[in-house]
Each structure stands twice: as structure tokens, then as C-alpha cells.
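Indexing begins at 1, ligand by ligand and atom by atom, following the structure's order. Computed from heavy atoms alone, side chains included, the values below leave out hydrogens, waters and symmetry copies.
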Amino acid sequence: MQMREQFPFFKRHPDLVYLDSAATSQKPQAVLDALNDYYVDANANVHRGLYQLAYNTTEGYEAARGQVARFLNANQASEIVFTRGTTESLNLVASSFGPLVVREGDEILVSAAEHHSNFIPWQQLAATTGARFVVAPVTPLGETDPQALAKLITPKTKILAVAQVTNVAGGLVPVRQLADAVHANGGFVVVDGAQSAPHMPVDVQAMGADFFAFSGHKIYGPTGIGALYGRQALLERMPPVQFGGEMIDSVTDAQSTWAEVPLKFEAGTPNIAGAFGLAAAIEFLQAQDWSTVRAREDRLVRRLRAGLSATPGVTVYGSANSLGIVSFNLAGVHPHDLATFLDEQQIAVRAGHHCAQPLMARLGVPATVRASFGLYNTADDCDRLAAAVAAARGYFLGTD
Ligand code: 7TS
């Protein structure tokens, strides 16, 4: 079956050019079926029922955790905590692990290209611990600059928080080299995988991540589910941040003790349907051939960059090595106006600061327009966007 046909969304929106997969991807039938099957066939709460159905549902939920562990090449399933997504995963590390290792005078290192959800939690942690929040400069085209980061790693660097792929310029960061330097100084590495997991195979051990966060909805899965990978020994040291059902071992009037990792981080009824849907999304992704996916997406990125660059006044950020993301601006036209013009032509892109205001400040712009690809995008989508941007120039600025 053609890739696009596996996504019912495009049957409802046959003429829409959807170029906003970095915000959220569309869902294949297999994921929709898994969600539906869960509710029709397997709906019960987990980790508590003593009837067969609840037992089976718990097994399915834990099997999904195992699937995430294999997807990331974690050592074991207990290193996977289900969360609402990348934001919750990163906040969990900052609020639970952060205070265990960060002291006054230590340094927390990030790049100015980070998404706010991998920026603000660390800024807050620095403020509450008295650590120094160190923000590394980016390349002139808005990518994380690994050399700049490397230069700022010191014996005081307790945490390096870095996106493997950034959400505005889309460049790939060589996490392993940075991780080795941070570890040699006794620090820890937190990787934001929100934009890498949809586009490349992830291996948390090979990249040297102590923690790795991603969102299900960006890898063709449902919203409201994602995961945090953490090294077992580190998760065991961390206190829970939410309290209630499912996360306890025993409770008395005087005190409570916690369940083992990872359940101590999953208070309350979890997003069970989401876990089933996420497992289906991972199965769907793993059925793809990564080298074919990469080659296709690289061709689309190059084609779109070339197409956009043909219009005078267009600045394209990032590099041709971007993983499925092309951010740009058209001189003299506000990105929001351009996005509205494109919307009228049934082209869905994102315009704004992309939750990366520190990066916008470095680029000297309030916002950019961003096109981002999923498995269903085609060369025709690139050409329609490039032609529409050329038309927008005529519409807003007149032809010269
Ligand atoms: N980190 C990066 C690099 C991201 O791109 C995003 C979401 C997040 C973290 C947060 O993920 P969430 O699932 O918890 O929201 N990025 C975008 C975006 O670029 N446009 O919309 C959401």
C-alpha cells in the first residue's frame, strides 16, 4: 500500500499539503485500530485488577513499555517511564533528578537552540539551586553548535541538556562526543529526542544518554503519551514527584514507601490507551527501512530548500543536513502573514517562535515559517509550497 493511503487523515483532506509534522504527525490506520481495539476489547485499569481482562490489559501495557525499551535500545523495560510526552519527561528529570546532583556554583549547560521545554526547566533548576545556567551560542543559521557546547563543558558542568535534533533548524547533534566530555567531568546528559525519534533510529546507550525524552504524537502515535528513558541506577535514586495510586509500596498513617522503578513515577491511572497506540506506532515505524526513510526525507529537504531559495528575499535557516525540517523567512513579509496566505492555498505550515524564543533572539527575527516532513510527504508538496511562497512575494511585495 502507498504510504499516504495508510493515513486516513488524507482521505478527509485530499488537497491539504500538511507540512507541520514537527508539531504533530498524522496517524496511520494501524495506530487508530490499536486505540479502537483497546477500548472495544481490552479496556480495564492496570496493575490492580484480579480478573483475567485486567490482567491481560496490564500485560499489554507492560508489553508496550518493553516495545519502547527496544525502540530506544534501553537495557531493560524498567528504564522506561510513561509520561505525557517530552515536556513532562524533561520536567520530571529537572525536578526529581536535578536537586540530587546540582549544587550552588555548579553549571547547567544548554544550547540557545533548545525548545522551551528543554530550556526553562533547567533555568528554573539553576534558579532554585544557585547553579549557573550556561547558554551556548548557535551557528549563524540557527543550529546547535557542538563546538561551542564542547568549549563550555567544565568540571562544574553537572547537567548538559541538549536536543539530538532541534525543532527550528533540524540539525543533528553529535551527542556521543559531548556526552563523553560531560561524563569525564562527572556530569550527566539529558537528551531531548522529540525531533530525532521520528526521523532516525535511536540508541540511548550508543549516544551516551543518561536520560532521553520523546513524544508519541510526533512518531505517528497518539497525543498524551510519551516516555522518559533513564539509566536504572539513576531512576532508583530519584524521588517521585507525584503521589497517589499505583506508585506506592505501602502506606500507613505515619509514612509511605514507594513502588519499584518505573511505577513510582506513574501515579494514578496512566494513559493506557495511549500506551497501546504508542506500541502500534513503534511497530509501524520499525516496519520502515530507516535508510530509505532518511534518503527520502533528505531528498525532500534538499528539494524544498532549492525551491524556496529560487524566490528572491527568502532566507532558509539550518543546513541541508536537517532531519525533515526547513525554516525560512521572506524579507518584507511577516511570517504570520505568509502562513495565512499559505493556508488559503491549503498549505499547513507553522509560523511563530516555535517555542524557541532564545533562538529567535539570536537569529534577530521574531518568528520564522517552518515546513516539516513526515513519511507521507511528497516532492509535489515541496513544489506547491515553493510556488506558493513565490506567489506570496508577488502578492505582498509586488513583482519587480
Ligand atoms: N522538544 C522539542 C525539540 C520539540 O520540538 C518539542 C515540541 C518538545 C520538546 C515538546 O514536546 P511535547 O510533545 O511535550 O509538546 N515541538 C513542537 C514544535 O516544534 N511545534 O509544536 C510543537
Side-chain angles (χ1 to χ4, degrees), residues 18-27 31 68 72 81-95 110-124 135-136 138 142-144 149 160-173 175 189-200 202 207 209 211-229 271 274-275 277-278 281 317-318 322-328 335-336 339 348-360 363 365 367-374:
Y18 185 76
L19 289 169
D20 199 17
S21 293
T24 198
S25 59
Q26 300 304 336
K27 318 305 173 198
V31 168
V68 174
L72 302 181
V81 180
F82 281 122
T83 64
R84 283 192 298 127
T86 308
T87 302
E88 188 172 87
S89 297
L90 294 168
N91 275 278
L92 174 58
V93 182
S95 61
V110 301
S111 145
E114 295 304 320
H115 187 280
H116 292 164
S117 64
N118 196 33
F119 192 94
I120 307 170
W122 309 116
Q123 191 181 48
Q124 291 295 110
V135 183
V138 295
E143 294 186 304
T144 300
L149 276 172
L160 165 68
V162 67
Q164 192 177 18
V165 170
T166 58
N167 73 319
V168 175
L172 177 64
V173 175
V175 172
V189 178
V190 182
V191 181
D192 174 347
Q195 299 295 351
S196 59
H199 296 290
M200 58 185 281
V202 168
M207 81 175 76
F211 297 95
F212 182 95
F214 77 97
S215 299
H217 70 99
K218 294 188 203 284
I219 63 157
Y220 310 100
T223 54
I225 185 85
L228 171 68
Y229 157 81
N271 184 351
L278 178 59
Y317 303 100
S322 157
L323 275 77
I325 292 178
V326 179
S327 282
F328 61 98
H336 289 172
V349 293
R350 184 166 173 203
H353 55 63
H354 312 293
C355 304
Q357 287 185 359
L359 175 60
M360 296 296 119
L363 292 175
V365 295
T368 73
V369 180
R370 181 188 68 187
S372 53
F373 298 116

Just which atoms of ligand 1 are under 4.0 Å from any heavy atom in [X]?
X: Gln195; result: 3 (C), 4 (C), 5 (O), 16 (N), 19 (O)
X: Arg350; result: 18 (C), 19 (O), 20 (N), 21 (O), 22 (C)
X: Thr87; result: 10 (C), 11 (O), 12 (P), 14 (O), 15 (O)

Practice problem: Please report the shortest heavy-atom distance between Pro335 and Ala351, naming the atom on each side. | Solution: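 Taking Pro335 first and Ala351 second, the nearest heavy atoms are O-CB, 3.4 Å.
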Quiz item: Which pair of non-hydrogen atoms, one from Val135 and one from Ser111, has the smallest distance, and what is that distance?
Solution: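 The answer is CG1-C, 4.1 Å.
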Is [X] touching ligand 1 with its side chain, its backbone, both, or neither, if touching means heavy atoms under 4.0 Å apart?
X: Glu88; value: neither
X: Arg84; value: neither
X: His354; value: neither
X: Glu114; value: neither
X: Ala194; value: side chain
X: Thr86; value: both

Exercise. Verify side chain to side chain contact (heavy atoms under 4.5 Å, CB included) between Arg370 and Asn167, making sure each step is shown before the conclusion.
Key: CA-CA 9 Å; Arg370 181 188 68 187; Asn167 73 319; 3.7 Å; yes
State whether the shortest distance between N or O atoms of [X] and N or O atoms of ligand 1 falls below 3.5 angstrom.
X: Asn167; result: yes
X: Ser215; result: yes
X: Thr166; result: no

Practice problem: Walk me through it: do Leu359 and His115 pass the test side chain to side chain contact (heavy atoms under 4.5 Å, CB included)? | Solution: CA-CA 9 Å; Leu359 175 60; His115 187 280; over 6 Å; no
Practice problem: Tell me, with the steps shown, if Leu323 and Gln195 meet side chain to side chain contact (heavy atoms under 4.5 Å, CB included). | Solution: CA-CA 8 Å; Leu323 275 77; Gln195 299 295 351; over 6 Å; no
Quiz item: Would Asn118 count as a contact of ligand 1 if the rule is a heavy atom under 4.0 Å away?
Solution: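 No, Asn118 has no heavy atom closer than 4.0 Å to ligand 1.
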Quiz item: Which heavy atom of the protein is the closest neighbour of atom 9 (C) of ligand 1, given with residue, atom name and distance?
Solution: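 Here the nearest protein heavy atom works out to Ser117 OG, 3.1 Å.
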Quiz item: So which protein heavy atom does atom 17 (C) of ligand 1 come closest to, and at what separation?
Solution: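 Sorting protein heavy atoms by distance from atom 17 (C) of ligand 1 puts Lys218 NZ, 3.1 Å first.
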Would you find a donor on one side and an acceptor on the other, under 3.5 Å apart, between the side chain of [X] and the backbone of [Y]?
X: His354; Y: Ala356; value: no
X: Ser89; Y: Ala213; value: no
X: Ser372; Y: Ser21; value: yes

Quiz item: Any luck finding a side-chain donor-acceptor pair between Thr166 and Thr144 under 3.5 Å?
Solution: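 Side-chain D/A pair, Thr166 to Thr144: absent.
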Quiz item: With no hydrogens and no angle check, do the side chains of Ser196 and Gln164 hold a donor and an acceptor under 3.5 Å apart?
Solution: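 Checked: Ser196/Gln164 side chains pair up, N/O donor to acceptor below 3.5 Å.
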Practice problem: Take Val93 and Trp122 through the side chain to side chain contact (heavy atoms under 4.5 Å, CB included) test and state the conclusion after the steps. | Solution: CA-CA 10 Å; Val93 182; Trp122 309 116; 3.9 Å; yes
Quiz item: Given Asp192, Asn91, Thr223, which has its nearest heavy atom closest to atom 3 (C) of ligand 1?
Solution: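 It is Asp192 that holds the nearest heavy atom.
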Quiz item: Just going by heavy-atom distances, which of His353, His116, Arg370, His115 is nearest to atom 19 (O) of ligand 1?
Solution: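 Selected option, by shortest heavy-atom distance: Arg370.
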